[in-house]
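Note that the structure is a prediction, hence the values are computed from the model and not measured. These numbers come from the heavy atoms of this one structure, side chains and all, not from hydrogens, waters or symmetry mates. In what follows, residues are counted from 1 in the order of the sequence shown.
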Amino acid sequence: FNQHLNIHSLARYAKISLALYLLSNLFCPAIFAQNNNIRVESSFQPPSITLAKSSVYKIVIFGSQENPKGAIPQIPGLTISNSPQTFRSASFINGVPSVRLELSFQVKPKKQGQLTIPAWTVQVGSKALNVPPSTLQVLAPNQQDEIEKNRQEKQSQDLKQASFIE
C-alpha cells in the first residue's frame, strides 16, 4: 500500500514540476521579451466634462508591468492627484502573452476650455518612452450641476444643524 501511495505521489510531483518548468521557461521569457515592444497610450475618461465634474487621466503601458518613473507636466487650471490607482494585467491573447500597466489619476478642472497635457517622457526600466498628449474638454456648469451643488450644500447644512441638536 505504501509503495502504491509513493508512486502516485512521485507521479503527481513530476507532473507539477514539469508544468512549473514549462511555465517558467517557455512563457515567462516570451512575456518579458515584449519589453522590446513597449508602447504608451494616454487619455482622459471621460474626455469631456463640465467644470463641476472630475475626470481620470489614464496612462496605459503595454508590454511591461514595471513601475514607470517620470513627472506629469503641471497644467494651469487642472489639479492632478499625486496618488494614482494602479492596475496590472497579464493574459494570453490568441496564444500570445500580453502584459500591461494602467495608472489612473483623478483630475479636477479649475477653469473652462481645452486643457491639454502635452507629450512627456516616462522611464520604464532603461527605456525612455514618449507619453502622447491628451486633451480634456471642460464645459460650463449645466443646470444639473447646479442642482447637485445645491443639494450637497443643503445636505451639509442639514448635517451641521443635526449635530447641534444632539
Side-chain angles (χ1 to χ4, degrees), residues 23-24 26-163:
L23 281 173
S24 66
L26 295 178
F27 298 124
C28 291
I31 289 173
F32 295 114
Q34 283 189 352
N35 284 339
N36 293 329
N37 299 320
I38 299 174
R39 67 181 170 88
V40 182
E41 292 179 0
S42 67
S43 64
F44 283 101
Q45 294 178 353
S48 182
I49 58 172
T50 61
L51 188 58
K53 301 289 184 181
S54 61
S55 184
V56 173
Y57 176 59
K58 185 179 276 193
I59 302 164
V60 183
I61 301 171
F62 296 91
S64 177
Q65 291 186 335
E66 190 173 338
N67 283 332
K69 293 180 180 143
I72 299 172
Q74 295 302 306
I75 307 303
L78 189 64
T79 302
I80 304 171
S81 72
N82 290 328
S83 52
Q85 288 186 330
T86 304
F87 174 75
R88 289 177 167 83
S89 71
S91 61
F92 286 92
I93 300 170
N94 296 328
V96 177
S98 172
V99 294
R100 78 175 189 221
L101 170 67
E102 293 181 15
L103 300 169
S104 298
F105 298 84
Q106 290 292 321
V107 297
K108 181 77 175 125
K110 296 184 219 171
K111 66 179 188 177
Q112 291 175 222
Q114 290 201 5
L115 304 175
T116 300
I117 296 178
W120 56 286
T121 302
V122 68
Q123 188 81 23
V124 176
S126 63
K127 293 187 179 234
L129 302 168
N130 190 38
V131 179
S134 192
T135 300
L136 176 66
Q137 177 69 42
V138 182
L139 308 170
N142 62 27
Q143 190 174 9
Q144 187 64 35
D145 292 335
E146 294 297 327
I147 292 169
E148 179 66 19
K149 180 181 173 189
N150 292 338
R151 186 190 65 76
Q152 287 177 349
E153 286 173 358
K154 183 174 181 347
Q155 190 176 26
S156 179
Q157 287 175 346
D158 290 349
L159 188 59
K160 285 178 186 175
Q161 285 180 346
S163 63

Nearest 0.5 Å please: distance from the CD atom of Q114 over to the CG atom of L136. 9.0 Å
Only residue of N67, V40, I38 satisfying side chain to side chain contact (heavy atoms under 4.5 Å, CB included) with V124 is I38
In Å, rounded to the nearest 0.5 Å, how long is the span from CZ of F92 to OG of S98? 10.0 Å
Which pair of non-hydrogen atoms, one from L115 and one from F44, has the smallest distance, and what is that distance? O-CE1, 4.3 Å
Does the S42 side chain pair with the main chain of P132, one donor and one acceptor, at a distance under 3.5 Å? yes
Can you list the residues that meet the side chain to side chain donor-acceptor pair (under 3.5 Å) rule with E102, with sequence neighbours excluded? K58, R100
Around atom CG of N150, are there more than 12 heavy atoms of other residues, nucleotides or ligands at under 6.0 Å? yes
Smallest separation among heavy atoms of S81 and F105, with atom names: O-CD2, 3.4 Å
Polar side-chain atom of K108 near backbone of L51 as donor-acceptor pair, under 3.5 Å: yes
Heavy-atom pair of closest approach, residues S54 and Q106: OG-OE1, 4.0 Å
I72 CD1 to Q74 CD distance, which is reported to the nearest 0.5 Å: 8.0 Å
Holding to side chain to side chain donor-acceptor pair (under 3.5 Å), I want the full list of residues that pass it with T116, two or more places apart in sequence or in another chain. T135
Any chance you could measure K160, atom NZ, to Q155, atom CD, to the nearest 0.5 Å? 12.5 Å
Mind checking the OH-OG spacing from Y57 to S134? Nearest 0.5 Å is all I need. 6.0 Å
What pair of heavy atoms forms the shortest contact from P118 to W120, and how long is it? O-CD1, 3.2 Å
Which atom pair, heavy atoms only, marks the closest approach of A119 to N130? CB-OD1, 3.7 Å
Is there a side-chain contact between K53 and P141 (heavy atoms, below 4.5 Å)? no
Is the side chain of E66 donor-acceptor paired with the backbone N or O of G125 at a distance under 3.5 Å, no angle test? yes
Of all the heavy-atom pairs spanning L101 and P68, show the shortest one and how long it is. CD2-CD, 3.5 Å
Could you grab the distance from atom CD of Q123 to atom CG of L129, nearest 0.5 Å is fine? 7.5 Å
Is there a side chain to side chain contact (heavy atoms under 4.5 Å, CB included) between T79 and K110 once you walk through the steps? CA-CA 7 Å; T79 302; K110 296 184 219 171; 2.8 Å; yes
Got a donor-acceptor contact below 3.5 angstrom from the S104 side chain to the P84 backbone? no
